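Report on the following structure.
Only a predicted model underlies this, so the values are computations on that prediction, with no experimental measurement involved.
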Amino acid sequence: LDIAAQVLDRTVYIEDSIDGEIAGQRAERGANAYFDPRDNSYHLALDATQQGYLTIMLPEAVHDIAANNRAGYEQLAEVVMKYLQEAQEQVREDILRYEQRGYREAEEIEEELVANAVGVILNDRRTAEEFAKRFLARDTKVRKAFMRILDNLREYLKRTIAAIKGEVDF
């Protein structure tokens, strides 16, 4: 996490739990993480469920991009929304869930959908590669950035596993 934060030039805070209104955003009980655009920091919960911390950071990185590079986010969102059109039933359920949580603005709901989809896409190598092949034109900036992120994550995971095994110093 420390290396990821250094690469992103962000601060990562580890909290016991995330609950309530945080940084002007809704945080339901048991939220795994959130991005605070006021100071560009990531907040991760010790009681996070379902995923590893690096996986949890992926959707928050999308919120970071949305807050700090709107044009880049809009390109990413356009591509991801094409991907999500194939999962219409799931998307409808997700939209209803966000509305029940109090999200009212279409842009806010879309950003959550895009953030969570990117987390799912990048979490699985095959899904990521299939996504890149089908939805990203060969020479676009979005594809190059996406593939660079995927390659960096793979390399980071390889180094981390090697360090855990004691094969190399981290």
Side-chain angles (χ1 to χ4, degrees), residues 1 4-5 7-124 127-128 130-132 134-137 140-143 145-146 148-150 153:
L1 287 177
V7 168
L8 295 170
D9 192 27
R10 300 292 187 251
T11 303
V12 175
Y13 295 102
I14 307 296
E15 304 183 20
D16 290 334
S17 185
I18 295 174
D19 188 19
E21 176 116 350
I22 302 167
Q25 301 176 12
R26 292 167 215 58
E28 64 188 65
R29 183 161 186 73
N32 291 329
Y34 72 94
F35 172 74
D36 187 343
R38 296 177 301 187
D39 64 357
N40 289 327
S41 63
Y42 292 74
H43 296 254
L44 304 175
L46 281 174
D47 62 355
T49 59
Q50 302 170 347
Q51 304 155 341
Y53 287 116
L54 286 174
T55 302
I56 291 169
M57 283 183 68
L58 291 172
E60 302 316 313
V62 173
H63 294 301
D64 185 350
I65 293 167
N68 294 294
N69 180 358
R70 196 67 193 173
Y73 166 77
E74 288 172 1
Q75 289 179 335
L76 176 64
E78 180 181 339
V79 172
V80 171
M81 292 307 284
K82 287 179 190 174
Y83 170 79
L84 289 175
Q85 285 176 355
E86 294 186 5
Q88 288 182 9
E89 187 62 35
Q90 181 63 49
V91 170
R92 279 194 285 275
E93 290 174 18
D94 290 345
I95 290 170
L96 288 174
R97 190 175 71 244
Y98 290 125
E99 288 174 343
Q100 289 170 349
R101 291 181 189 167
Y103 290 81
R104 296 289 175 247
E105 300 296 322
E107 288 177 3
E108 186 178 38
I109 292 172
E110 179 186 277
E111 187 176 317
E112 288 297 326
L113 290 170
V114 170
N116 290 325
V118 167
V120 170
I121 292 165
L122 286 176
N123 193 40
D124 177 72
T127 303
E130 179 65 23
F131 173 82
R134 294 183 60 206
F135 296 99
L136 299 176
T140 64
K141 289 181 184 178
V142 175
R143 180 186 175 92
F146 179 84
R148 190 173 55 247
I149 290 168
L150 186 59
L153 284 172

Glu74: salt bridge (charged side-chain N to carboxylate O under 4.0 Å, His left out) partners, not counting sequence neighbours: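 Once residues adjacent in sequence are excluded, the partners of Glu74 under the salt bridge (charged side-chain N to carboxylate O under 4.0 Å, His left out) criterion are Arg70.
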
Can you list the residues that meet the salt bridge (charged side-chain N to carboxylate O under 4.0 Å, His left out) rule with Glu99, with sequence neighbours excluded?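 For Glu99, no residue satisfies salt bridge (charged side-chain N to carboxylate O under 4.0 Å, His left out) once neighbours in sequence are set aside.
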
Please test Phe35 against Val62 for side-chain contact (heavy atoms from CB on, under 4.5 Å), starting from the C-alpha separation and ending with a verdict. CA-CA 9 Å; Phe35 172 74; Val62 173; over 6 Å; no

Would you sort out whether Tyr73 and Asn68 count as a side-chain contact (heavy atoms from CB on, under 4.5 Å), showing the intermediate values? CA-CA 9 Å; Tyr73 166 77; Asn68 294 294; over 6 Å; no

Pair Tyr13-His43, side-chain donor/acceptor within less than 3.5 Å: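 No.
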
Kindly compute the distance separating CD (Glu108) from CG (Leu113), expressed to the nearest 0.5 Å. 11.0 Å

Measure the spacing between CD1 of Ile95 and CD of Glu110 and express it to the nearest 0.5 Å. 9.5 Å

Contacts of type side-chain hydrogen bond (donor to acceptor under 3.5 Å, both in side chains), residue [X], not counting sequence neighbours:
X: Asn69; result: none
X: Glu111; result: His63
X: Thr127; result: Asp124

One pair to check against side-chain contact (heavy atoms from CB on, under 4.5 Å): Val12 and Ile14. What are the steps and the verdict? CA-CA 7 Å; Val12 175; Ile14 307 296; 4.1 Å; yes

Donor-acceptor pairs under 3.5 angstrom involving side-chain atoms of residues 78-85: please list them, not counting sequence neighbours.
none

So with a 6.0 Å cut-off around CG of Asp16, is the heavy-atom count from everything else above 12? no

For the residue pair Arg38 and Asp36, what are the closest heavy atoms and their distance?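 Nearest heavy atoms, Arg38 then Asp36: N-OD1, 2.9 Å.
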
Which atom names give the shortest non-hydrogen contact between Asn116 and Pro59, and what distance separates them? OD1-CB, 3.9 Å

What class does the angle between the rings of Tyr98 and Tyr103 fall in, given that below 30° is parallel, 30 to 60° is tilted and above 60° is perpendicular?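 Perpendicular.
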
Would you check, one step at a time, whether the test side-chain contact (heavy atoms from CB on, under 4.5 Å) holds for Glu105 with Ile109? CA-CA 6 Å; Glu105 300 296 322; Ile109 292 172; over 6 Å; no

